[in-house]
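Input: a single structure, listed below in C-alpha cells.
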Amino acid sequence: MSSIKHVAIYGKGGIGKSCTASNIAAACADEGHRVLVVGCDPKSDSSITLVGHRIPTMMELIQGGGEIKEEDVVFQGYKGVRCIEVGGPEPGVGCAGRGIIVAIDFLRKVSKAMEEVDLVLYDVPGDIVCGGFSAPIRKGLVSQAYIITSGEYMPLYAGNNISKGLKRLNTPLAGVICNSREAAGEREIVESFARELGSRLVAFIPKDPIVQECERRAVTAIEGAPDSKIAEVYRALAREIMSGAEPRVPKPLSDERLLELTRT
C-alpha cells in the first residue's frame with residue numbers, strides 16, 4: 001500500500017483554504033517532505049504564494065489542444081514544492097468537478113509527480129454538497145479530509161454540509177482547522193463543533209496582518225516571515241497533518257444544534 005498521504009482541505013469559499021494549504025506545503029517542505037499541491041479552484045490561485053506568480057491551468061492547456069509536456073503543467077515552487085492548477089470551465093458551462101477528474105487523469109499520463117512525493121494536498125473550493133467537488137473523493141484520489149472554518153455561522157454551516165458529504169461518501173475527517181475571524185467565543189465554538197462531529201480542532205490560526213503582507217509579496221508566511229509566531233502555527237499544523245492521526249467519518253450536526261452552538 002502506498003505511503004503517500006492524499007489530503008483534501010475543504011471549506012467555504014473565502015475562508016482561507018489556499019493560504020492555509022500553501023503554508024502547510026511550505027512548512028512540510030522545510031522539514032524535508034516532498035509535496036505536490038493540486039489547486040482545484042477555478043480561480044487557480046492555490047500556488048501563487050509558492051511559485052510567486054500565477055501558473056497556466058491544465059484545463060486551459062487541454063482545451064487549447066496540442067502536445068502537453070510535464071513542464072507545461074507541473075511547476076516547482078518554494079523548496080521544491082510541486083504545483084499544478086486544474087483550472088475550470090468557462091463560467092456557466094460544464095462542471096468544475098468533472099474538470100478535476102479530466103485534469104488528474106491527464107496529469108498521470110504526462111507526469112509521475114503524484115507518485116514521487118510524500119504528500120499530495122488538494123485545495124478544493126466550496127461545499128462538497130456539490131457533487132462535482134466530491135470528485136477527488138469519488139475518484140479515490142483523497143483518503144482523508146480537513147475542514148477549515150471560523151467561528152461564524154456560515155463557514156460552520158458550510159463545514160457541516162461538507163461533513164454530511166464526507167459521511168455519505170464514507171470518507172474520514174482528520175480534523176477541523178479554525179482560521180480565525182476574531183468572532184466572539186470563536187475557539188470554544190469551533191472546538192465544540194469539531195467535538196460534536198466526532199473529530200477535534202487541530203489548529204487555531206489567529207488573524208495576523210503578516211499573512212496578508214506576505215500574500216501581497218506573493219510568498220507564504222513560512223518563506224516571508226519564517227521567525228513569526230504565525231509561521232510556527234502553520235509548522236505545527238503541517239506536523240499534525242504528516243503525523244498520521246486517526247481520522248474518523250464525521251457525525252454531522254442537525255441545523256438546530258448548529259444554530260444553538262453559534263449563539264453566544
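FYI, the numbering just counts along the sequence from 1.
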Treat each ILVMFWY residue as a node, draw an edge where side-chain heavy atoms are under 4.5 Å apart, and state whether [X] and [Y] are in one component.
X      : Y      : answer
Met59  : Val38  : yes
Val219 : Val35  : no
Val142 : Ile162 : yes
Val176 : Val249 : no
Val124 : Met154 : yes

Decide side chain to side chain contact (heavy atoms under 4.5 Å, CB included) for Leu119 and Met242; before the verdict, give the C-alpha distance in whole Å, the side-chain angles of both, and the deciding distance to 0.1 Å.
CA-CA 8 Å; Leu119 171 67; Met242 294 304 299; 3.9 Å; yes
Return the minimal non-hydrogen interatomic distance between [X] and [Y], and the atom names on each side.
X      : Y      : result
Thr220 : Ala26  : OG1-CB, 3.8 Å
Leu259 : Thr262 : O-OG1, 3.0 Å
Pro206 : Phe204 : CD-O, 3.3 Å
Arg181 : Asn179 : NH1-ND2, 3.2 Å
Ser22  : Leu50  : O-CD2, 3.5 Å
Ile24  : Leu237 : CD1-CD2, 3.7 Å

Run Arg195 and Ser192 through side-chain hydrogen bond (donor to acceptor under 3.5 Å, both in side chains) and show every step you take.
CA-CA 5 Å; Arg195 185 169 55 251; Ser192 296; 3.2 Å; yes
Look only at the side chain of [X] and the backbone of [Y], and say whether a donor-acceptor pair between them is shorter than 3.5 Å.
X      : Y      : result
Ser228 : Ala225 : yes
Glu215 : Thr49  : no
Lys17  : Lys12  : yes
Asp41  : Asp123 : no
Asn160 : Leu156 : no
Ser254 : Arg257 : yes
Asp118 : Arg34  : yes

Tell me, with the steps shown, if Glu213 and Arg216 meet salt bridge (Lys or Arg N to Asp or Glu O under 4.0 Å).
CA-CA 5 Å; Glu213 289 166 11; Arg216 292 190 189 102; 5.8 Å; no
Of Ile9, Ile15, Leu173, the one forming a side-chain contact (heavy atoms from CB on, under 4.5 Å) with Ile147 is Leu173
Heavy-atom distance under 4.5 Å between the side chains of [X] and [Y], does that happen here?
X      : Y      : answer
Asp72  : Pro56  : no
Glu186 : Ser150 : yes
Gln76  : Val81  : no
Leu121 : Leu36  : no
Tyr157 : Asp255 : yes
Val190 : Ile177 : no
His33  : Glu31  : yes
Phe75  : Ile84  : no

Glu85 and Thr57: side chain donor to acceptor below 3.5 Å:
no
Point-to-point distance, once rounded to the nearest 0.5 Å, from [atom1] of [X] to [atom2] of [Y]:
X      : Y      : atom1 : atom2 : answer
Leu107 : Ile62  : CG    : CD1   : 9.0 Å
Tyr78  : Asp30  : OH    : CG    : 3.5 Å
Lys69  : Leu61  : NZ    : CG    : 13.0 Å
Ile241 : Gln144 : CD1   : CD    : 8.5 Å
Ile48  : Cys19  : CD1   : SG    : 12.0 Å
Lys164 : Leu197 : NZ    : CG    : 11.0 Å

Under the criterion salt bridge (Lys or Arg N to Asp or Glu O under 4.0 Å), I'd like the reasoning laid out for Asp208 against Lys229: C-alpha separation, chi angles, the key distance, then a yes or no.
CA-CA 9 Å; Asp208 192 321; Lys229 290 182 179 179; over 6 Å; no
Ser111/Glu70 under side-chain hydrogen bond (donor to acceptor under 3.5 Å, both in side chains): CA gap, chis, key distance, verdict:
CA-CA 5 Å; Ser111 170; Glu70 181 180 44; 2.5 Å; yes
Chi angles and distances behind the salt bridge (Lys or Arg N to Asp or Glu O under 4.0 Å) call for Lys251, Glu196
CA-CA 7 Å; Lys251 300 175 290 185; Glu196 294 195 26; over 6 Å; no
Full working for side chain to side chain contact (heavy atoms under 4.5 Å, CB included) between Arg54 and Ser44:
CA-CA 7 Å; Arg54 192 177 297 276; Ser44 62; 3.1 Å; yes
Side chain to side chain contact (heavy atoms under 4.5 Å, CB included) between Phe106 and Ile68, worked out
CA-CA 10 Å; Phe106 189 84; Ile68 302 173; 3.8 Å; yes
Charged N-O contact under 4.0 Å between Arg200 and Glu240:
yes
Between the side chains of Glu232 and Arg235, is the shortest nitrogen-to-carboxylate-oxygen separation below 4.0 Å, so that they form an ion pair?
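Yes, charged N to carboxylate O under 4.0 Å.
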The test is side chain to side chain contact (heavy atoms under 4.5 Å, CB included); show your working for Thr20 and Tyr146 and say whether it passes.
CA-CA 11 Å; Thr20 303; Tyr146 288 83; over 6 Å; no
Could you check whether atom CZ of Arg248 has more than 12 heavy atoms from other residues, nucleotides or ligands sitting under 6.0 Å from it?
no
